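Since we're looking at a predicted model, the values are computed, not measured. The chain is numbered in sequence order, starting from 1.
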Amino acid sequence: MSDKKRLKAAVLGATGMVGQRFIDMLSEHPWFEVTTVAASPRSAGKTYTEAVEGRWKMDRPIPEAIRNLVLMDVGEVEKVASSVDIVFSAVDMTKEEIRNIEDAYAKTETPVVSNNSAHRWTPDVPMVVPEINPGHLEIIEYQKKRLNTKRGFVVVKPNCSIQSYAPVLTAWKKFKPYEVVATTYQAISGAGKNFAEWPEMNGNIIPYIAGEEEKSEKEPLRIWGSIQDGQIVPADDIVITSQCIRVPILYGHTAAVFVKMKEKPSKEELIETMEQFSGIPQERGLPSAPKQMIQYLHEDNRPQVALDVNYENGMGISVGRLREDSIFDWKFVGLSHNTLRGAAGGAVLCAELLYELGYIDQK
């Protein structure tokens, strides 16, 4: 890994919450250097500091290397892409506009790693959790044919809320889970807001997040799917039903999950299988990868957002309260950091995987 050349990166939608998280995460990254920032035309021409004045949401200050970068217009695709090797996308547009602009960047022969949902169901676009389905990157070759590119393509990461339970169910695949109920309790930063911008969330719960339940039920099936005839076909051996609730927490999505399995493992087997679960990011020591992806907490009152959301720098999953259920076989509580593992961090780890496996390099 030490001989990696540092790639020049652009962040699209750099002023929003996920864009800010990209800026924060990449500021000291050993493989990627943010040299270009782009946003809407109303922000173009301002320095990054001017554009985010009064709405910088990260705990650390704006990185010195970014403060005085002048924002470019995200719509000037050729201009933005001309001086970078890779693009990280967190644009705030309609789904059709996002698909069009991400494809346009890919057609400039610039790989796009996207946090957005617009391309998650495009048949030849891989939606990847690096520890779970790195093999789906093979479909990039089909996508390049469609886009008529040699090195340009789009890769997306899945929805933030499924990170708190999909890795656990993946670890348990050998026990054949087939029916799942998952209720997620989701932080307000998942909507790109903090309490100053959303005061009505103080002391409040909203039992509806638009589009979230469909994502929570369907996206894991695509991650567990297979490549057939140039497209990813979702798995059909498991069903998930979900409810998604917005709760007054800034960071951290919690899930209460019930599982039926065809096999009958012991609690000890389930815990051991979770804690031993790993993938290419751990095997290759990728810079943003957690050393241990899933930790199990034996205390009855864990995981807690206040204590556990930053496990493995926010890139790990915390699980607790695993116990037998009177209707289902097992139930547990999972917790993941929604803007790190669930959003920008998951996308950065995807980019690291792409670089490690030879899908991207300097132009």
At their closest point, which heavy atom of Ile232 faces which heavy atom of Val125, and how far apart are they?
-> CD1-O, 4.0 Å
Please check if the distance between the ring centroids of Phe175 and Trp330 is under 6.0 Å.
-> no
Does the distance from a Lys or Arg side-chain N to an Asp or Glu carboxylate O, for Glu141 and Lys144, drop under 4.0 Å?
-> yes
Could you check Glu179 against Ile238 for side chain to side chain contact (heavy atoms under 4.5 Å, CB included), going step by step and ending with a plain yes or no?
-> CA-CA 6 Å; Glu179 197 170 293; Ile238 186 170; over 6 Å; no
Distance under 6.0 Å and angle within 45° of the ring axis: does Arg55 meet both against Tyr48?
-> no
Going by heavy atoms in the side chains, are Gln143 and Arg146 under 4.5 Å from each other?
-> yes
Is there side-chain contact between His119 and Ile98, with heavy atoms separated by less than 4.5 Å?
-> no
Can the ring centroids of Phe88 and Phe32 be said to lie less than 6.0 angstrom from one another?
-> yes
Side chain to side chain contact (heavy atoms under 4.5 Å, CB included) against Pro234, all qualifying residues, sequence neighbours excluded | Trp121, Leu221
With the threshold set at 4.0 Å, does a side-chain nitrogen-carboxylate oxygen contact exist between Lys79 and Asp73?
-> no
Is the charged tip of Lys331 near the ring of Phe258: under 6.0 Å from the six-membered ring centre and within 45° of its axis?
-> no
Kindly indicate, with the supporting measurements, whether the criterion side chain to side chain donor-acceptor pair (under 3.5 Å) is fulfilled by Ser161 and Thr184.
-> CA-CA 7 Å; Ser161 66; Thr184 58; 4.8 Å; no
Would you indicate whether the side-chain heavy atoms of Ser216 and Tyr165 approach each other to under 4.5 Å?
-> yes
Indicate yes or no: at least one non-hydrogen side-chain atom of Lys157 is less than 4.5 angstrom from one of Asn115.
-> yes
Does the pair Glu356/Arg284 count as a salt bridge with the N-to-O cut at 4.0 Å?
-> yes
Is it true that Arg341 and Glu131 have a side-chain N and a carboxylate O under 4.0 angstrom from each other?
-> yes
Could you list the donor-acceptor pairs under 3.5 angstrom formed between side-chain atoms of residues 291-301 and any protein atom two or more places apart in sequence or on another chain?
| unit_1 | atom_1 | unit_2 | atom_2 | d |
| --- | --- | --- | --- | --- |
| Gln292 | NE2 | Ile294 | O | 2.8 |
| Gln295 | NE2 | Ser318 | OG | 2.8 |
| Tyr296 | OH | Leu322 | N | 3.0 |

Can you check side chain to side chain donor-acceptor pair (under 3.5 Å) on Ser89 and Asn116, steps first, answer last?
-> CA-CA 7 Å; Ser89 177; Asn116 297 304; 3.0 Å; yes
What is the distance from atom CD of Gln231 to atom OG of Ser226, rounded to the nearest 0.5 Å?
-> 10.0 Å
